[in-house]
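Data block below; observations after.
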Protein chains: 4
Amino acid sequence: MEFNNNKSIFLQIADNITEKVVNGTFPPGEKIPSVRELAADLGVNPNTIMRTYNELQAMKIIDNKRGIGFFVNPDARETILEQKKSEFFDHVLPQFLHQAKLVGISIPELKKHIDKLN
Amino acid sequence: MEFNNNKSIFLQIADNITEKVVNGTFPPGEKIPSVRELAADLGVNPNTIMRTYNELQAMKIIDNKRGIGFFVNPDARETILEQKKSEFFDHVLPQFLHQAKLVGISIPELKKHIDKLN
Amino acid sequence: MEFNNNKSIFLQIADNITEKVVNGTFPPGEKIPSVRELAADLGVNPNTIMRTYNELQAMKIIDNKRGIGFFVNPDARETILEQKKSEFFDHVLPQFLHQAKLVGISIPELKKHIDKLN
Amino acid sequence: MEFNNNKSIFLQIADNITEKVVNGTFPPGEKIPSVRELAADLGVNPNTIMRTYNELQAMKIIDNKRGIGFFVNPDARETILEQKKSEFFDHVLPQFLHQAKLVGISIPELKKHIDKLN
DNA sequence: GTGGTCTAGACCACC
DNA sequence: GTGGTCTAGACCACA
């Protein structure tokens with residue numbers, strides 16, 4: 001895994017895990033790698049992984065079983081998609097239209113470009 | 001003006017100014033507020049405004065007349081639009097479609113939402 | 001039995017057993033489940049049960065007959081009640097009233113709530 | 001400030017701050033000590049304070065102004081009291097009554113003890 | 001073995 | 001000056 005300098009490592013790892021949850025690499029209920037294991041795997045300090053896992057736990061994407069490890073929350077996939085959906089409609093879409101307008105692209109033009117890219 | 005904690009203040013102010021240039025609030029050739037004035041206005045440290053102005057100057061959006069102030073570059077509007085346009089098509093649009101897809105929104109649905117917001 | 005993540009599992013199991021002793025589910029002198037049996041029952045590591053039993057033994061709530069198993073101490077009920085009583089009056093009650101006060105609940109209100117829950 | 005070994009330091013510091021918010025030592029909108037400052041004050045590592053502040057920010061008790069510091073959220077007091085109230089009714093009170101019952105204290109007796117301590 | 005906390009020290013962007 | 005992130009390394013309780 002390669003890291004981008006614009007975003008903190010622990011968040012990039014979190015994104016990577018949520019992606020794996022969404023695409024089924026980490027199925028609901030499954031154990032995810034231990035803190036130390038993943039740290040060694042990614043060549044990163046265990047504290048950084050710990051921070052990632054704390055974040056994901058706060059988002060109810062993973063759960064902790066004491067002394068055993070972290071597990072994908074059964075509802076993780078729904079939680080993630082719902083969260084992304086609301087973000088899309090609340091922020092991404094309006095801001096996208098704002099930018100299109102600023103740049104002087106009309107709605108019909110915009111639709112054409114969308115079709116072209118699909 | 002309210003600031004978003006996710007982006008540095010000097011960039012948010014820069015965005016605000018470029019937008020005013022594009023929509024005509026700051027016409028080409030016109031003097032823009034002095035560093036100290038704008039700082040007081042926004043309740044922000046003058047250094048922050050200075051950084052904004054330096055950034056805008058590097059982008060050839062404003063020019064500095066020593067001892068007098070900063071002025072909107074005659075070609076600022078074109079410069080900004082060109083830059084924003086290429087950014088829009090190169091990054092914003094593709095990434096927007098990627099997100100829509102991820103969230104499970106079909107193209108027809110997407111178009112409906114776009115119409116609804118206009 | 002469901003476990004709370006705020007408290008160590010072996011203590012939660014110990015609480016569960018003392019409660020069963022007090023309410024008569026485990027009468028004095030009776031044999032309690034073997035370590036392996038209870039471990040399987042609760043889906044927990046046998047070491048964890050062992051630790052629970054050690055703890056209870058130290059509190060003189062259960063006794064070990066080597067090679068046979070663990071048995072409820074004849075005086076277990078009294079031991080537990082005495083211990084819980086002093087803890088209740090020394091710590092639980094005062095701290096409970098402190099919290100109620102902090103949250104802004106008056107004594108009469110508090111009594112009403114107590115009645116309501118009974 | 002002295003630390004108790006039963007609870008993590010960063011949470012004890014967080015409790016200390018919420019207490020100061022509730023009792024008015026840190027009024028709404030006021031700046032709280034900088035990370036380094038408080039760390040030096042308490043003889044604790046800055047990372048530990050950072051963690052405390054992250055926690056409090058997630059609870060909407062403090063806000064961050066970029067490059068300036070952390071400030072008490074205007075609604076912090078209400079947020080804290082509300083949170084404590086719901087915890088009291090959802091967990092503390094029921095569990096308190098459960099313990100009283102287990103120990104064999106009747107409701108009238110309980111009320112007497114409450115009166116005595118006030 | 002697992003997570004959880006803490007320290008010491010470094011480096012960075014931003015105000 | 002402010003917060004924010006990361007590393008290296010240590011120690012602990014718990015399963």
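This structure is a prediction, so every number in the text was calculated from the model and none was measured. Each chain gets a letter, A, B and so on, in the order the sequences are listed, and its residues count up from 1.
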- request: Step through the shown structure and confirm whether more than 12 heavy atoms of other residues, nucleotides or ligands are within 6.0 Å of NZ on K31(A).
  value: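 Yes.
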query: Knowing that exactly one of L81(D), I80(D), L56(D) qualifies, which makes a side-chain contact (heavy atoms from CB on, under 4.5 Å) with V21(D)?
result: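 Running side-chain contact (heavy atoms from CB on, under 4.5 Å) over L81(D), I80(D), L56(D) with V21(D) returns exactly one hit, I80(D).
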- prompt: Considering the options V72(B), T18(B), D75(B), which one meets the side-chain contact (heavy atoms from CB on, under 4.5 Å) requirement together with I61(B)?
  reply: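 Single side-chain contact (heavy atoms from CB on, under 4.5 Å) partner of I61(B) among V72(B), T18(B), D75(B): T18(B).
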Rounded interatomic separation in angstrom, taking [atom1] from [X] and [atom2] from [N]:
X	N	atom1	atom2	result
K31(D)	dG1(F)	NZ	C1'	9 Å
E37(A)	dT2(E)	CD	P	7 Å
L42(D)	dC6(E)	CG	P	12 Å
N5(C)	dA13(F)	CG	C1'	14 Å
N4(D)	dT5(E)	CG	P	15 Å
N6(A)	dC6(F)	CG	C1'	17 Å
F70(A)	dT2(E)	CZ	C1'	9 Å
Q12(A)	dC6(F)	CD	C1'	13 Å

Spatial distance of atom CG (L102(A)) from atom CD (Q99(A)) [nearest 0.5 Å]: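 It comes to 7.5 Å.
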message: Quick check for you: to the nearest 0.5 Å, what is the distance between N5(B) atom CG and D63(D) atom CG?
response: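 Taking CG in N5(B) and CG in D63(D), the distance rounds to 8.5 Å.
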- prompt: Below 6.0 angstrom between ring centroids: does that apply to F88(D) and F96(C)?
  reply: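 Yes - the distance between ring centres of F88(D) and F96(C) falls below the 6.0 Å cut-off.
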query: Base, sugar-phosphate, or nothing for Y53(A), non-hydrogen atoms under 4.0 angstrom?
result: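 Nothing, no nucleic acid heavy atom in range.
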field: Stepwise side-chain contact (heavy atoms from CB on, under 4.5 Å) test for V44(B) and F3(B)
entry: CA-CA 11 Å; V44(B) 147; F3(B) 297 112; 3.8 Å; yes
- request: Walk me through it: do R51(D) and N54(A) pass the test side-chain contact (heavy atoms from CB on, under 4.5 Å)?
  value: CA-CA 12 Å; R51(D) 196 159 175 199; N54(A) 275 338; 3.7 Å; yes
field: Considering all heavy atoms, the nearest M1(A)-Q12(A) contact
entry: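 The pair with the smallest heavy-atom distance is CE-O, 3.4 Å.
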- prompt: So what stems show up for DNA chain F if we need 3 or more Watson-Crick or G-U pairs in a row, all under 3.5 Å?
  reply: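 E:1-14 with F:1-14 - these are the stems of 3 or more pairs that involve DNA chain F.
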statement: B/S/- along nucleotides 7-15 of chain E (protein heavy atoms under 4.0 Å) is BBB----SS
